[in-house]
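To start, the structure under review is shown below, and the notes come after it.
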Amino acid sequence: MQNIFLAGSSRGVGREVAKLLLENEPPSVNLTVLLRNPTYAVELEALGAKVVFGDALNAAELEAAIAKAGDVDIVITTMGGLPSDRGERADCEGNKNLIDLAVKAGVQKFILVSSIGSGNSVVALAPQVLATLGAILKEKEKAEQHLVASGLTYTIIRPGGLKSEPATGNAVLTEDPTISGIIHRADVAKLVCKCVNSEKTNHKVFSAIDRNMLFKPVEFETFNF
């Protein structure tokens with residue numbers, strides 16, 4: 001079975017990814033999740049995950065946590081902060097630490113969940129959105145650049161505006177950086193899990209949106225797994 005290390009599973013997309021990876025009985029993967037807060041440990045352990053503790057902003061703590069996971073095949077990270085957060089952010093420094101340790105560990109694939117508005121997809125967002133999220137998106141862009149330059153086999157997924165509602169099944173990936181819209185977190189998680197074993201997604205950067213919730217009705221090319 002694949003050994004997967006997941007960072008960012010306490011909430012949001014990361015929690016949905018953990019649920020999907022462990023939904024089979026018995027699970028088809030060995031999943032280790034990184035937590036800072038023990039509050040979420042019981043639920044994740046009940047799903048079948050192995051929980052390790054550490055702060056991704058502390059490289060030594062993170063290295064110790066990864067060591068407890070054993071030989072990691074795939075790393076998935078959905079780590080990110082909130083607009084109200086101050087100081088160092090996991091969006092950049094936490095993910096950069098994780099990328100560096102993944103290189104050191106010889107990880108086979110690294111999946112980074114970023115955001116539309118990062119990198120060349122900045123053109124997809126309205127100026128008022130960029131005014132609010134610009135600082136966060138710059139941090140995410142730095143993490144993306146670090147991953148691309150790392151030499152790891154990578155997939156970068158940039159979701160659009162996120163909602164915590166049931167999956168619609170209408171979510172798609174596109175390499176078109178100009179597309180923007182809404183997507184449910186559960187649908188992002190499904191796309192992430194499809195990328196785990198898809199070689200076609202290697203060394204690719206995608207935007208992730210729900211085809212029925214575009215901000216502007218435009219034609220674009222979707223990615224076929």
Side-chain angles (χ1 to χ4, degrees), residues 2 4-37 39-51 74-83 90-91 95 109-118 121 124-125 129 133 136-137 140 155-176 179-198 200-201 204-215 220 222-225:
Q2 289 175 319
I4 298 178
F5 187 88
L6 172 63
S9 61
S10 62
R11 57 186 169 86
V13 173
R15 175 61 63 89
E16 296 297 328
V17 169
K19 290 177 182 176
L20 286 177
L21 289 174
L22 297 169
E23 67 181 357
N24 295 322
E25 188 58 48
S28 56
V29 302
N30 292 318
L31 179 65
T32 301
V33 298
L34 174 72
L35 291 179
R36 283 187 304 173
N37 189 335
T39 302
Y40 306 102
V42 173
E43 182 180 345
L44 285 160
E45 287 174 340
L47 290 173
K50 177 181 178 180
V51 176
I74 297 170
V75 171
I76 302 171
T77 174
T78 66
M79 287 192 296
L82 301 172
D91 302 83
N95 282 318
K109 187 169 184 174
F110 195 108
I111 300 175
L112 171 65
V113 178
S114 182
S115 177
I116 286 180
S118 177
S121 67
L125 296 187
V129 178
L133 300 178
I136 293 175
L137 295 171
K140 291 183 182 296
T155 303
I156 296 170
I157 299 174
R158 298 166 172 166
L162 293 166
K163 288 188 174 182
S164 294
E165 296 182 22
T168 68
N170 297 317
V172 294
L173 296 177
T174 178
E175 292 182 76
D176 186 338
I179 301 301
S180 61
I182 301 296
I183 187 169
H184 294 178
R185 288 178 171 86
D187 283 306
V188 179
K190 286 188 174 185
L191 293 172
V192 169
C193 291
K194 288 179 74 171
C195 290
V196 166
N197 292 311
S198 171
K200 290 176 66 177
T201 64
K204 297 280 189 180
V205 181
F206 298 108
S207 293
I209 48 86
D210 190 301
R211 66 173 81 241
N212 294 334
M213 292 190 281
L214 297 175
F215 289 146
F220 65 97
T222 61
F223 175 80
N224 294 314
F225 286 89

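What you see below is based on every heavy atom in this structure, not just the backbone, and it leaves out hydrogens, waters and symmetry mates. Residue indices begin at 1 and follow the sequence shown.
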Determine yes or no for a side-chain-to-main-chain donor-acceptor pair under 3.5 angstrom, with H184 supplying the side chain and P166 the backbone.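 At least one qualifying donor-acceptor pair exists.
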Quick check against the 3.5 Å criterion: does K200 have a side-chain atom that pairs as donor or acceptor with the backbone of N224?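 A pair under 3.5 Å: yes.
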I need the [X] [atom1] to [Y] [atom2] distance, nearest 0.5 Å.
X    : Y    : atom1 : atom2 : answer
T77  : D91  : OG1   : CG    : 9.0 Å
S207 : F223 : OG    : CZ    : 13.5 Å
T155 : L191 : OG1   : CG    : 11.5 Å
I182 : N212 : CD1   : CG    : 13.0 Å
L35  : Y40  : CG    : OH    : 9.0 Å
I209 : L173 : CD1   : CG    : 9.0 Å

Listed by chain and number, what are the side-chain contact (heavy atoms from CB on, under 4.5 Å) partners of L20, not counting sequence neighbours? E23, A189, K190, C193
Considering residues at least two apart in sequence or located in another chain, which fulfil the side-chain contact (heavy atoms from CB on, under 4.5 Å) criterion with S118?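 Scan of S118 (side-chain contact (heavy atoms from CB on, under 4.5 Å), adjacent residues dropped) gives S114, K140, E141, E144, R158.
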Which residue is it: L6, L22, V33, L31? I am looking for the one with a side chain to side chain contact (heavy atoms under 4.5 Å, CB included) to L44. V33
Check L137, L162, I157 against S115 for a side chain to side chain contact (heavy atoms under 4.5 Å, CB included) and give me the one that passes.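 Considering L137, L162, I157, a side chain to side chain contact (heavy atoms under 4.5 Å, CB included) with S115 is found only for L137.
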Hey, are K109 and T201 close enough side-chain-wise for a donor-acceptor pair under 3.5 Å?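 Short answer, yes.
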What pairs with F110 under ring pair (Phe, Tyr, Trp, His ring centres under 6.0 Å), at least two apart in sequence or on another chain?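 Residues passing ring pair (Phe, Tyr, Trp, His ring centres under 6.0 Å) with F110: none at all.
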Can you tell if the side chain of L214 reaches within under 4.5 Å of the side chain of I179, non-hydrogen atoms only?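 Touching, per the 4.5 Å side-chain cut-off.
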